[in-house]
Amino acid sequence: MNDLGLETQRAELAAIAPELLEKIRHDVGPKELPPLPDAVDAAVVLRLAPYPSGPLHIGNARAFVLNDAYTKRYHGKLLLVFDDTIGSEEKPLLPEAFDQVKEGLEWAGVEYGEVLYKSDRIPLHYEWAEKLLATGEAYVCECDAETLRKNREAMRACVHRIQDVDETIAMWKAMLAGEYGEGEAVVRLKTDMAHPNPAFRDRVLFRVAVREHPRVGTRYRVWPMLEFSWAVDDALLGITHVLRGKDLVMEDLMETRIWDILQVDRRPRFVHFGILRFKDLELSKSRYRKEIAEGRLTGIDDPRTWTLQSLRRRGIRPAALREFVLSFGLSLNDIEVPAETLYAENRKMIDKDANRYFFVPDPVVVEIAGLPPIERVKAPLHPDFPGRGVREIPAGSKVEVAREDFTKFRGQEVRLKDFCNVVLDHRARFISMANKEIPKIQWVTHGVQTHLVMPDGTESRGLSEPLVGSLKVDDVVQFERVGFARIDHVSKAEVRAYFAHR
RNA sequence: GCUCCCGUAGUCUAGUCCGGUCAAGGAUCGGGGCCUUUCGAGCCUCAGACGCGGGUUCGAAUCCCGCCGGGAGCACCA
């Protein structure tokens, strides 16, 4: 039958069971994440491991959204474990970052349970280190960083690798006792100096760092590296699945190797996702931290930082960020997306809630000659929901319009939206009241000073209709033909809003 | 250079494990139209993709081999 060829088979089938030839269009439901390997409902334990060097930004979103989504899907637990080992000179810990991270997660709707700190767990790491050293599978190395690197490159073992266990343990005690300065000794795992992957040749597990830690001060001077601390904590905390970016695949190998040596049975499954990048956007905590310190950015919620705080300030909904991230699934592709994709998601969510108002950036005064006496006009708060009511806009013969519109339409007939038709100029000529199919522009009288902070940090200044002065902070509105914005500050003198997107 | 990972429309993604209902689905972007007193939303519509070359098979996006392209790691950072 099978070597008959499709056409013959089809003909045969048409003869015996024609209904089977009907094309089945399976409807595509909402996108779902693939299942986690070996996941058991209500028994999944995941962890979030932020490094507290600053608030979370959009580039971190994939990690926390996926972890949260899977936790909820399996009714599991999500631990927040601050990865606050001592770090490096270039990436110092920031005391205020702990709260900034939590604030961001809470805004994002990430429901974490227990909060833990790596810096509280150092004694546990020491215990495990001693177990490991006792097996002879790790050693204390006194080579300097440069020597170590060169040996690694040359696949050459150093003298420390073959020293005996007693000597190694004595050196470890000496490390803890403070007999080594920074850079003078490290603990290394014996993997294989000839391993084909140069990244996997006797990696460092502990090093000496005599910096002050924001939580535990100078209590420790021997600090674990990420791979080792997680080998300990993933096991001890009963983590079932580790979801991490694929930049951390080597860490899987390291953790696995350590568990093999110490015969740890309970191990998490590793799941990776590709690197997420944003087009035309360079995310760097250390850079924006520096720029905030220098006063070049206004703070951690400056739109140029792309922190969660800054997204909130612009009126981006957490649900939009979540949908945006989930749309990438769990693929291992490295992806680069434009922020526009996030905006599209957000626009769907805020459009129905955002009432419409006129904002006129960089205004130009226009006197309308021949205007009948009119004191106010009405316009819908939202064109798609007439039931929401109307807003009253004071009108008059002296109005202000955006310079851009003025320049573009000067001398032409335009409609001042919801008001009247004029031939536009400094002295405009009234034509008629009734609506017409001509370009419509926004206008104001008795406008309130309005500053619109743009994503690039610049401000668009102008006037908006008086009602904007009675909006509340956090209201998200649409300035017609300008875009969506969140009201950030309202005072008698002025309104400040943050631009979200068109 | 070495190791690992990944290649479906401009972008993101479903499908790839278990080859045929895939003449490849969705989203976004772009074109056109309708509607609308916004350049927003909504509705309709058009355009657009299996990196390349071999092989296996009646049949390949799906399996195999080779190539090409992209990314990550190769820190005493995380």
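First the proteins, then the strands, lettered A, B, ... as listed; each starts at 1.
- Every residue two or more places apart in sequence or in another chain that forms a salt bridge (Lys or Arg N to Asp or Glu O under 4.0 Å) with A:E336 is listed here: A:K279.
- Within the structure, every side-chain polar atom (N or O) of A:N333 is placed at least 4.0 Å from both OP1 and OP2 of B:rG71.
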**OP:** At under 4.0 Å between heavy atoms, which parts of nucleotides 73-78 of chain B does protein reach? Answer with one letter per nucleotide, 5' to 3': B base, S sugar-phosphate only, - none.
**Re:** BBBBBB
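- Residues in residues 47-67 of chain A take part in these salt bridge (Lys or Arg N to Asp or Glu O under 4.0 Å) pairs, two or more places apart or across chains: A:R47-A:D234.
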**OP:** Toss me the dot-bracket line for RNA chain B: Watson-Crick and G-U wobble, both under 3.5 Å, 5' to 3', using | for pairs to another strand and [ ] for crossers.
**Re:** (((((((..((((......[....)))).(((((.......)))))....(((((..]....))))))))))))....
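- A:R289 is linked by a side chain to side chain donor-acceptor pair (under 3.5 Å) to nothing, counting only residues two or more places apart in sequence or in another chain.
- The side chain to side chain donor-acceptor pair (under 3.5 Å) search around A:R215 returns A:S119, A:D120, not counting sequence neighbours.
- For the ring pair (Phe, Tyr, Trp, His ring centres under 6.0 Å) test, residues two or more places apart in sequence or in another chain that qualify with A:H501 are A:Y343, A:F484.
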Filtered N/O pairs between nucleotides 42-44 of chain B and protein, under 3.5 Å:
none

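- Within residues 334-343 of chain A, the residues that place at least one heavy atom under 4.0 Å from RNA chain B are, in residue-number order, A:D334, A:I335, A:E336, A:V337, A:P338.
- Considering only residues two or more places apart in sequence or on other chains, A:R207 meets the side chain to side chain donor-acceptor pair (under 3.5 Å) condition with none of them.
- Residues meeting the side chain to side chain contact (heavy atoms under 4.5 Å, CB included) test with A:V364, sequence neighbours left out: A:R403, A:F406, A:H426.
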Exercise answer: donor-acceptor pairs, residues 222-229 of chain A side-chain atoms, under 3.5 Å, sequence neighbours excluded:
from: A:W223; atom 1: NE1; to: A:Y220; atom 2: O; distance (Å): 3.3
from: A:E227; atom 1: OE2; to: A:R203; atom 2: NE; distance (Å): 3.1
from: A:E227; atom 1: OE2; to: A:R203; atom 2: NH2; distance (Å): 2.6
from: A:S229; atom 1: OG; to: A:K118; atom 2: NZ; distance (Å): 3.1
from: A:S229; atom 1: OG; to: A:L226; atom 2: O; distance (Å): 3.1

